[in-house]
Amino acid sequence: MNCYITGATIKALREKQRLTQSQLAERLYISDKTVSKWETGKGFPDISLLEPLANALKISLPELLSGQQIINANRSANIMETKLYVCPICGNVLRATGSAMVSCCGITLPALEAEQEDDDHRLICERSEDEYYVTLTHAMTKEHSISFIAYCTQERFEFVKLYPEGNAKARFFSRGHGRLYWYCNHHGLFMKKI
Ligand SMILES: [Fe+2]
């Protein structure tokens with residue numbers, strides 16, 4: 001969280017819920033003048049009001065504070081729409097089948113955006129009869145390494161954890177076309193269709 005909740009956020013969320021300033025004020029046991037002050041930047045909600053305010057605006061507290069509402073558009077839980085989140089503090093890897101509000105170690109994590117491979121993060125995928133053999137020639141030191149490789153198809157998401165000083169390689173039973181993901185702790189997430 002970089003800043004406290006803004007008036008523009010409160011106004012936009014209130015209007016989305018089709019609430020007047022008075023209706024919102026009533027739910028929080030405050031005056032409509034107070035709501036007006038918040039929305040015009042002449043005052044901030046007291047910290048004790050943040051949770052009731054989030055409830056009234058039908059949004060989670062982290063979303064309210066970030067000013068960004070997360071809406072999952074992937075209602076059918078299509079695995080190909082998987083979002084990955086990595087905590088920069090503890091290395092926790094989280095996966096969701098759509099957009100979600102994810103936090104770890106006290107920070108809200110953005111969904112990782114996968115990049116196309118580059119010369120330093122080139123993945124080689126060899127297919128034998130019934131498996132994919134995936135390798136990378138990338139540093140695998142404690143400071144800089146590939147921390148996982150994953151294979152995603154319509155039915156399954158397979159995740160292989162890698163360790164520093166180990167090899168950056170994985171084997172997957174071939175289940176046809178899908179996506180390969182790999183994550184470098186310094187350079188982020190990469191993706192390639194296979
Ligand atoms: Fe890297």
Side-chain angles (χ1 to χ4, degrees), residues 1-4 9 60-194:
M1 176 181 40
N2 296 324
C3 58
Y4 205 57
T9 300
S60 70
L61 191 49
E63 285 171 290
L64 179 65
L65 291 169
S66 69
Q68 215 188 347
Q69 189 167 23
I70 306 293
I71 295 165
N72 175 26
N74 185 19
R75 296 296 169 113
S76 57
N78 179 356
I79 299 176
M80 296 298 278
E81 301 290 322
T82 289
K83 307 266 186 226
L84 292 164
Y85 304 80
V86 176
C87 175
I89 297 172
C90 73
N92 199 357
V93 181
L94 299 113
R95 179 170 71 87
T97 52
S99 299
M101 198 72 196
V102 172
S103 69
C104 187
C105 294
I107 55 170
T108 300
L109 306 177
L112 295 174
E113 279 187 32
E115 310 260 345
Q116 295 295 314
E117 62 185 343
D118 57 28
D119 287 344
D120 294 330
H121 301 87
R122 194 154 309 282
L123 175 138
I124 296 157
C125 178
E126 292 170 286
R127 184 166 183 182
S128 65
E129 269 180 25
D130 57 0
E131 70 174 14
Y132 288 122
Y133 179 52
V134 176
T135 51
L136 285 121
T137 50
H138 183 278
M140 288 297 281
T141 62
K142 271 184 186 160
E143 294 75 31
H144 183 196
S145 66
I146 301 296
S147 55
F148 66 80
I149 303 175
Y151 172 39
C152 174
T153 60
Q154 294 282 355
E155 310 80 38
R156 199 174 292 195
F157 188 96
E158 255 180 287
F159 180 94
V160 174
K161 171 75 185 145
L162 303 177
Y163 295 91
E165 314 302 341
N167 292 315
K169 63 180 185 182
R171 285 179 192 278
F172 298 101
F173 182 74
S174 169
R175 287 174 282 107
H177 291 297
R179 288 174 189 174
L180 286 168
Y181 290 97
W182 59 105
Y183 183 79
C184 163
N185 68 330
H186 278 198
H187 299 101
L189 187 68
F190 295 85
M191 189 274 285
K192 179 177 181 169
K193 289 183 181 171
I194 53 169

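Each ligand, and each atom within it, is numbered from 1 in the order the structure gives.
The cationic group of Arg95 lies under 6.0 Å from the six-membered ring centre of Phe157 and within 45° of the ring axis, placing it in a cation-pi geometry. Figure legend: cation-pi geometry between Lys161 and Tyr163, with NZ or CZ positioned under 6.0 Å from the six-membered ring centre and within 45° of its axis.
Aromatic ring centres of Tyr132 and Phe172: separated by at least 6.0 Å.
Panel note: side chain Thr82, backbone Ile79; a donor-acceptor pair is recorded below 3.5 Å. No donor-acceptor pair under 3.5 Å is formed between the side chain of Glu131 and the backbone N or O of Ser128. Under a 3.5 Å cut-off, the side chain of Arg179 and the backbone N or O of Met80 do form a donor-acceptor pair.
Listed by chain and residue number, the protein N/O/S atoms under 2.8 Å of the Fe ion (ligand 1) are His121 NE2, His138 NE2, His144 NE2, Cys184 SG, His187 ND1, with waters left out.
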